[in-house]
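Accompanying notes for the structure given below.
Heavy-atom basis, side chains included; hydrogens, waters and symmetry copies ignored. Keep in mind it's a predicted model, so treat the numbers as computed, not measured.
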Amino acid sequence: MKDGYLFAVRPMLGIGTITSSEDWAGRIEDFHDFLRDQFPLGQLRASVVRFDYSTTASGVEIRAFLQRAPQGVLWPSVTEEFASDPFDIDVRTIKEAARNLEEDFEDALKGCGDPALDPSLARRRALIDRCSPEGGIPLYTTPEGKFMPLGCVRTYMDHAPEFEAVFGVEVIRRNVCRVLDLDLKVRTDVPPALREIRMANLQGKIDLYREERSKGEVAGAVFSKSLETGVPLRARVQLAFSWVDGTPKRWSIHDLPEFLG
């Protein structure tokens, strides 16, 4: 492609199965979505992303270019600040993002940041999560890309706050107890984000995962008696947050519950 800057190449796997223009369009859109999670494409001022195809000895590749927009629309707030061609500024933006990709994704994989407070971190972790079955992720530090091994990708964030809770039992399973109307006793001195959990859709049925002392015959007898008699139980419960987006994800109980009253 003339007058363009090549910044990413992806092999066209399964090329022998392509039978329609919709398949090609779907591959382009999938690649475009992948690149949005690695590059600040929304910040481009005077260029657009275009795609074409190239045949090589190993097969067919789809290529992503920055191309000068027919009518570059500049951000009004920065128009007077341009000391060079705005298309060149877009190219530098993509190059800088490429230089930082490996560090950014290493931090997303191994760091302890909260994706609920950082949309960029949430996008990177979502991409890591999607690529985890392949064992790694291609990072476009160069147009050809570099494969970054992922190892074991976490499901939940490290912090899991504890709450005192009162609940009724509806269903008992080996590893899960379905409870009714989980009533949390949240202290007033905890951070606001945790106080809000008290108000977040806790009415109705919630699966409470049984861990450690909440398993076994003794705990099973307690849950069974609560189910038979309708007497509520009291216990400390934990709430695990999604490692990908930081949303509340999994309730668990680790100690032997006791009867209320």
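- Looking at Arg125, its side chain does come within 3.5 Å of a backbone N or O of Ala108 through a donor-acceptor pair.
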* Asked: How far apart are the C-alpha atoms of Thr141 and Arg99, what are their side-chain angles, what is the distance that settles it, and do they pass the side chain to side chain contact (heavy atoms under 4.5 Å, CB included) test?
  -> CA-CA 6 Å; Thr141 54; Arg99 285 194 297 270; over 6 Å; no
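- Closest non-hydrogen pair, Gly246 versus Asp114, comes out as CA-OD1, 4.3 Å.
- In terms of modelled atom types and a separation under 3.5 Å, the side chain of Glu144 and the main chain of Ala8 share no donor-acceptor contact.
- Counting heavy-atom neighbours within 6.0 Å of Glu134 CD, excluding the residue itself, gives a total above 12.
- Under the salt bridge (charged side-chain N to carboxylate O under 4.0 Å, His left out) criterion, Arg173 pairs with no residue, sequence neighbours left out.
- Annotation: side chain of Ile94 is in contact with side chain of Leu66 (closest heavy-atom distance under 4.5 Å).
- Linking Ile, Leu, Val, Met, Phe, Trp and Tyr whenever their side-chain heavy atoms come within less than 4.5 Å leaves Leu117 and Trp243 in two separate clusters.
- Pro257 is listed as a side-chain neighbour of Ile253, based on a closest heavy-atom distance under 4.5 Å.
- Closest non-hydrogen pair, Phe147 versus Gly136, comes out as CZ-CA, 3.2 Å.
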Check the pair Glu258 / Val222 against side chain to side chain contact (heavy atoms under 4.5 Å, CB included), numbers first and verdict last.
CA-CA 8 Å; Glu258 58 184 31; Val222 174; over 6 Å; no
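- Note that Lys146 lies outside the cation-pi zone of Tyr140, set by a 6.0 Å cut-off to the ring centre and a 45° limit from the axis.
- Note: the hydrophobic cluster containing Leu227 also contains Val218 (ILVMFWY, side chain heavy atoms under 4.5 Å, direct or indirect links).
- Side-chain atoms of Glu211 and His254 form no donor-acceptor pair, as typed in the model, at a separation below 3.5 Å.
- Using modelled atom types, no side-chain atom of Ser214 and backbone atom of Asp255 make a donor-acceptor pair closer than 3.5 Å.
- Across all non-hydrogen atoms, the minimal contact from Val166 to Leu260 is CG1-CD2, 3.8 Å.
- Salt bridge Asp37/Arg124: absent, no basic N to carboxylate O contact under 4.0 Å.
- Arg210 has its side chain within reach of Phe223: a pair of non-hydrogen atoms, C-beta onward, lies under 4.5 Å apart.
- Below 30°, between 30° and 60°, or above 60°: for Phe31 and Phe51 the angle between ring planes is between 30° and 60°, a tilted geometry.
- Hydrophobic clustering keeps Val153 apart from Tyr156 (ILVMFWY residues linked when any side-chain heavy atoms are closer than 4.5 Å, directly or through intermediates).
- Note that CG of Asp245 is 13.0 Å distant from CZ of Arg123, once rounded to the nearest 0.5 Å.
- Contact between Phe65 and Gly4 at its shortest, heavy atoms only, is CD2-C, 4.1 Å.
- Rounded to the nearest 0.5 angstrom, Leu208 CG and Cys177 SG are separated by 6.0 Å.
- Between Asn175 atom CG and Lys215 atom NZ the span is 4.5 Å, to the nearest 0.5 Å.
- Shown here for Pro115 and Val244, the closest heavy-atom pair between the two residues is CB-O, 3.3 Å.
- A donor and an acceptor atom, one from each side chain of Asp90 and Thr93, are nowhere located under 3.5 Å apart.
- In summary, Arg92 and Asp88 do not engage in a salt bridge, as defined by a charged side-chain N under 4.0 Å from a carboxylate O.
- With salt bridges taken as basic N to acidic carboxylate O contacts below 4.0 Å, none links Arg174 and Glu217.
- Between Asp33 and Arg36 there is a salt bridge, with a side-chain nitrogen of the basic residue lying less than 4.0 Å from a carboxylate oxygen of the acidic one.
- Within the 4.5 Å cutoff, side-chain heavy atoms of Ile128 are placed close to those of Leu150.
- Summarising the geometry, atom CD1 belonging to Ile89 is positioned 12.5 Å from atom CD belonging to Gln43; distances are rounded to the nearest 0.5 Å.
- Val176 and Val169 are assigned to two separate hydrophobic clusters, defined by single-linkage of ILVMFWY side chains at heavy-atom distances under 4.5 Å.
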Is there a side chain to side chain contact (heavy atoms under 4.5 Å, CB included) between Gln238 and Phe163 once you walk through the steps?
CA-CA 6 Å; Gln238 281 188 330; Phe163 305 91; over 6 Å; no
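- Val48 is not listed as a side-chain neighbour of Arg68, based on a closest heavy-atom distance of 4.5 Å or more.
- Residues that satisfy the side chain to side chain contact (heavy atoms under 4.5 Å, CB included) test with Asp118, not counting sequence neighbours, are Ser120, Leu121.
- Looking at heavy atoms from C-beta onward, His159 lies in side-chain contact with Phe241 at the 4.5 angstrom threshold.
- Remark: the backbone N or O of Asp129 is paired with a side-chain donor or acceptor of Ser132 at under 3.5 angstrom.
- If you chain together hydrophobic residues whose side chains sit under 4.5 Å apart, Phe259 and Val237 fall into the same group.
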Worked verdict on Val49 versus His32 for side chain to side chain contact (heavy atoms under 4.5 Å, CB included)
CA-CA 8 Å; Val49 179; His32 201 175; 4.1 Å; yes
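- A distance of 13.0 Å separates CZ in Arg178 from CD1 in Ile172, rounded to the nearest 0.5 Å.
- Qualifying ring-ring contact (aromatic ring centres under 6.0 Å, His included) partners for Phe7, counting only residues two or more places apart in sequence or in other chains: Phe39.
- Taking CZ of Phe167 as the start and CG of Asp183 as the end, the distance is 11.0 Å to the nearest 0.5 Å.
- Using a 4.0 Å cut-off between a side-chain N of Lys or Arg and a carboxylate O of Asp or Glu, Glu61 and Arg10 do not qualify as a salt bridge.
- In this structure, the side chains of Ile28 and Ile62 come closer than 4.5 Å at one or more pairs of heavy atoms.
- Side-chain contact check for Arg63 versus Ser54: some heavy-atom pair is nearer than 4.5 Å.
- Stacking of Arg250 on the aromatic ring of Tyr209 is recorded, both the 6.0 Å distance cut-off and the 45° axial limit being met.
- Taking every heavy atom of both residues into account, Ala64 and Leu6 meet most closely at O-CD1, 3.5 Å.
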